[in-house]
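Written below as structure tokens is the structure these notes are about.
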Amino acid sequence: MNIRVAQESDVPELADLYYQTVQTHGLQYYTLEQTQAWAAFGLSERFFRQFIVDITTFVVVNETDILGFAGIGNDGHITSVYVRHDCLHQGIGSSLMRVVLDYGKSQEMKRFYAEVSLFSVGLFKKFGFQVYDTEIVERKGVKFERDLVELKC
């Protein structure tokens, strides 16, 4: 398992990984309507491409496939941590989180923050993030609750 910076050519595979993971595991935490609205973001090529390439995104790869990805902005905003639907609970998310946090610290970031789904809040808490609020967001006319988390260094 290797970790590298995402390339623009990775975007289609990352979009599929995102879509499949949300569709497969989202229903454990959200309604069908919420899950479908969340997953649909992976089908929007223009917006998903920006989601990946406008920030620093790291990918975990094996010999043939991408197994997960995580992105971080220049201000410490962790924009994503997704693991392929059939690779959960194998340490991939933790590896990505370590790389993102190490990268941020190397860039002298003093605060990391994210808006996280019920699906991934446990991973963030594992790395010391604290929930400081919740928010309701709307996607395609569907409302979601997310936790706002932060880690101060």
Side-chain angles (χ1 to χ4, degrees), residues 1-23 25-26 28-30 34-35 37-61 66-85 87-88 91-153:
M1 179 169 70
N2 295 310
I3 299 179
R4 62 169 171 77
V5 173
Q7 302 163 8
E8 189 153 344
S9 61
D10 295 326
V11 170
E13 188 174 352
L14 295 176
D16 185 59
L17 183 156
Y18 174 95
Y19 182 82
Q20 294 298 329
T21 296
V22 172
Q23 285 286 89
H25 297 288
Q28 295 173 31
Y29 301 90
Y30 295 98
Q34 288 171 320
T35 300
W38 180 14
F41 179 69
L43 301 175
S44 171
E45 185 178 332
R46 182 172 65 107
F47 290 118
F48 194 84
R49 181 174 304 283
Q50 290 174 330
F51 178 63
I52 298 299
V53 300
D54 284 359
I55 47 111
T56 302
T57 300
F58 295 95
V59 295
V60 172
V61 297
I66 296 174
L67 305 179
F69 67 93
I72 184 169
N74 293 333
D75 61 351
H77 183 208
I78 299 175
T79 60
S80 63
V81 180
Y82 285 88
V83 175
R84 198 172 78 186
H85 68 93
C87 296
L88 297 180
I92 295 167
S94 292
S95 293
L96 284 164
M97 188 65 80
R98 279 196 271 313
V99 166
V100 165
L101 293 175
D102 288 348
Y103 171 79
K105 290 172 185 172
S106 77
Q107 302 298 307
E108 300 182 3
M109 295 177 192
K110 302 294 184 212
R111 176 183 180 252
F112 299 96
Y113 67 100
E115 305 82 22
V116 299
S117 68
L118 301 175
F119 183 69
S120 57
V121 71
L123 175 66
F124 283 81
K125 286 181 175 180
K126 177 180 173 181
F127 282 86
F129 282 79
Q130 300 293 315
V131 175
Y132 67 90
D133 205 352
T134 58
E135 70 174 357
I136 303 295
V137 293
E138 189 172 313
R139 301 285 184 262
K140 297 191 171 281
V142 180
K143 293 183 179 181
F144 296 81
E145 182 176 310
R146 302 189 301 189
D147 286 327
L148 304 178
V149 298
E150 70 179 350
L151 175 67
K152 294 180 181 176
C153 302

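The figures here come from the full heavy-atom set of this structure, side chains too, leaving out hydrogens, waters and symmetry mates. In this text the structure is predicted, and so the values were computed from the model without any measurement.
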For the residue pair [X] and [Y], what are the closest heavy atoms and their distance?
X	Y	value
Val83	Gly93	CG2-N, 3.5 Å
Gly68	Leu17	N-CD1, 3.8 Å
Val81	Met97	CG2-CE, 4.2 Å
Ala6	Leu14	CB-CD1, 4.3 Å
Tyr82	Val22	CE2-CG2, 3.9 Å
Ile92	Met1	CG1-SD, 3.8 Å

Heavy-atom distance under 4.5 Å between the side chains of [X] and [Y], does that happen here?
X	Y	answer
Gln107	Asn74	no
Met109	Asp75	no
Tyr29	Glu145	no
Ile72	Leu101	no
Phe48	Val11	yes

Does NZ or CZ of Arg146 fall inside the cone over Phe144's six-membered ring, less than 6.0 Å from its centre and within 45° of the axis?
no
Aromatic contact, Phe41 with Phe51 (centres under 6.0 Å):
yes
Taking Glu150 for its side chain and Gln130 for its backbone only, find out whether a donor-acceptor pair lies under 3.5 Å.
no
Just by distance, do the side chain of Asp10 and the backbone of Gln7 share a donor-acceptor pair under 3.5 Å?
yes
Separation between [atom1] of [X] and [atom2] of [Y], rounded to the nearest 0.5 Å:
X	Y	atom1	atom2	value
Ile78	Tyr103	CD1	OH	12.5 Å
Gln50	Thr79	CD	OG1	12.5 Å
Tyr132	Leu148	OH	CG	4.5 Å
Arg84	Asp16	CZ	CG	10.0 Å
Ser80	Phe58	OG	CZ	11.0 Å
Gln23	Tyr18	CD	OH	10.5 Å

Applying salt bridge (charged side-chain N to carboxylate O under 4.0 Å, His left out) as the test, list every pair that has at least one member in residues 116-134; sequence neighbours left out.
none
Determine which pairs satisfy salt bridge (charged side-chain N to carboxylate O under 4.0 Å, His left out) with at least one residue from residues 44-55, sequence neighbours left out, and list them in order.
Glu8-Arg49, Glu45-Arg49
By side chain to side chain donor-acceptor pair (under 3.5 Å), Gln28 pairs with (sequence neighbours left out) His25
Describe, in one word, how the ring planes of Trp38 and Phe119 are oriented to each other, choosing from parallel (under 30°), tilted (30 to 60°) and perpendicular (over 60°).
perpendicular
